[in-house]
Amino acid sequence: MPPSCEACACLEYPGRDPDSVHVGAIAFSGTLLWVCRDSIWAVPLFAIHGVLLNFLYAGQHELSHWTVFRTSWLNEWVGRIFGFVLFYPRTFDQVQHMAHHRFTQDWVRDGELARARYTLTSYLLWMSGVSYWYTRWRRILRFALES
């Protein structure tokens, strides 16, 4: 159990409260975004909601290491739900992440670096989200059609 969860050691599901708060914050920001969709407040709410959604990956990462809940099946299924929301399937993430841990900073075999090095143009495209989402959907379709 990670040191940050020592206070939760008596709970069967120590990850329940942080996960619940995070999912609750996403629901709250999403509701506010919907209510304020026609006002200027939608701009900062959209950014906040996007950050909260993006940070689900931190949960998915810890869930793949089975450190959030004591029972492995709960880590597995909450991780699958997070992966579904993120369009980042859990099984693919685990395989890629294992390669990353095994071959860290090896540009040929590190699953998180298996791409050409950034140029200014490719970096700006990635930061805009265009190539990020293109790559995400291309991978999902490629692996779905290959199996």
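Values below: every heavy atom of this structure, side chains too, minus hydrogens, waters and symmetry copies.
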Please round to the nearest 0.5 Å and tell me the distance separating atom CH2 of W34 and atom CG of L45. 14.0 Å
Presence of salt bridge, D93 and R90, under 4.0 angstrom: no
Counting C-beta onward and ignoring hydrogens, is there a side-chain heavy-atom pair between L53 and V85 closer than 4.5 Å? yes
Please say yes or no: joined through hydrophobic side-chain contacts below 4.5 Å, possibly via intermediate residues, are F46 and L32 part of one cluster? yes
Applying side chain to side chain donor-acceptor pair (under 3.5 Å), run through E62 and T67 and close with a yes or a no. CA-CA 6 Å; E62 291 308 317; T67 57; 3.0 Å; yes
How about F92 and I140: do any of their side-chain heavy atoms sit closer than 4.5 Å? no
Should the heavy atoms of other residues, nucleotides or ligands under 6.0 Å from OH of Y118 be counted, would the total exceed 12? yes
With side chains defined as the heavy atoms from C-beta onward, is the minimum distance between I26 and L56 less than 4.5 Å? yes
Would you call the rings of H61 and Y57 parallel, tilted or perpendicular, where under 30° means parallel and over 60° means perpendicular? tilted
Rounded to the nearest 0.5 Å, how far apart are NE2 of H49 and OG1 of T31? 8.5 Å
Any chain of hydrophobic side-chain contacts (each under 4.5 Å) joining F87 to W126? yes
Transitively linked via ILVMFWY side-chain contacts under 4.5 Å: W73 with L63? yes
Take atom CG of L141 as the centre, draw a 6.0 Å sphere, and report whether it contains more than 12 heavy atoms from other residues, nucleotides or ligands. yes
Roughly how far, to the nearest 0.5 Å, is the CZ atom of F82 from the OG atom of S64? 11.5 Å
pair H97-Q60: side-chain heavy atoms closer than 4.5 Å: no
So, do H101 and H65 sit near enough that their side-chain heavy atoms are less than 4.5 Å apart? yes
Contact check, side chains of Y88 and Q96, non-hydrogen atoms, under 4.5 Å: yes
Considering all heavy atoms, the nearest A42-C36 contact: CB-O, 3.4 Å
Taking atom CH2 of W133 as the centre, report whether more than 12 heavy atoms of other residues, nucleotides or ligands fall under 6.0 Å from it. yes
Polar contact flag, side-chain donor to acceptor under 3.5 angstrom, R80-T91: yes
Cluster question for you: counting only ILVMFWY and a side-chain heavy-atom cut-off of under 4.5 Å, with indirect links fine, are W137 and M127 together? yes
Distance-minimising heavy-atom pair for S131 and T135: O-OG1, 2.7 Å
Membership question, hydrophobic clusters at under 4.5 Å side-chain separation (ILVMFWY): are V68 and L74 in the same one? yes
Return yes when atom OH of Y132 has more than 12 non-hydrogen atoms of other residues, nucleotides or ligands closer than 6.0 Å, and no otherwise. yes
4.5 Å side-chain heavy-atom contact, V23 and S20: no
Nearest 0.5 Å, please: how far is OG in S29 from CD1 in I48? 7.5 Å
Quick check on R102: does its CZ atom have over 12 non-hydrogen neighbours (other residues, nucleotides or ligands) under 6.0 Å away? no
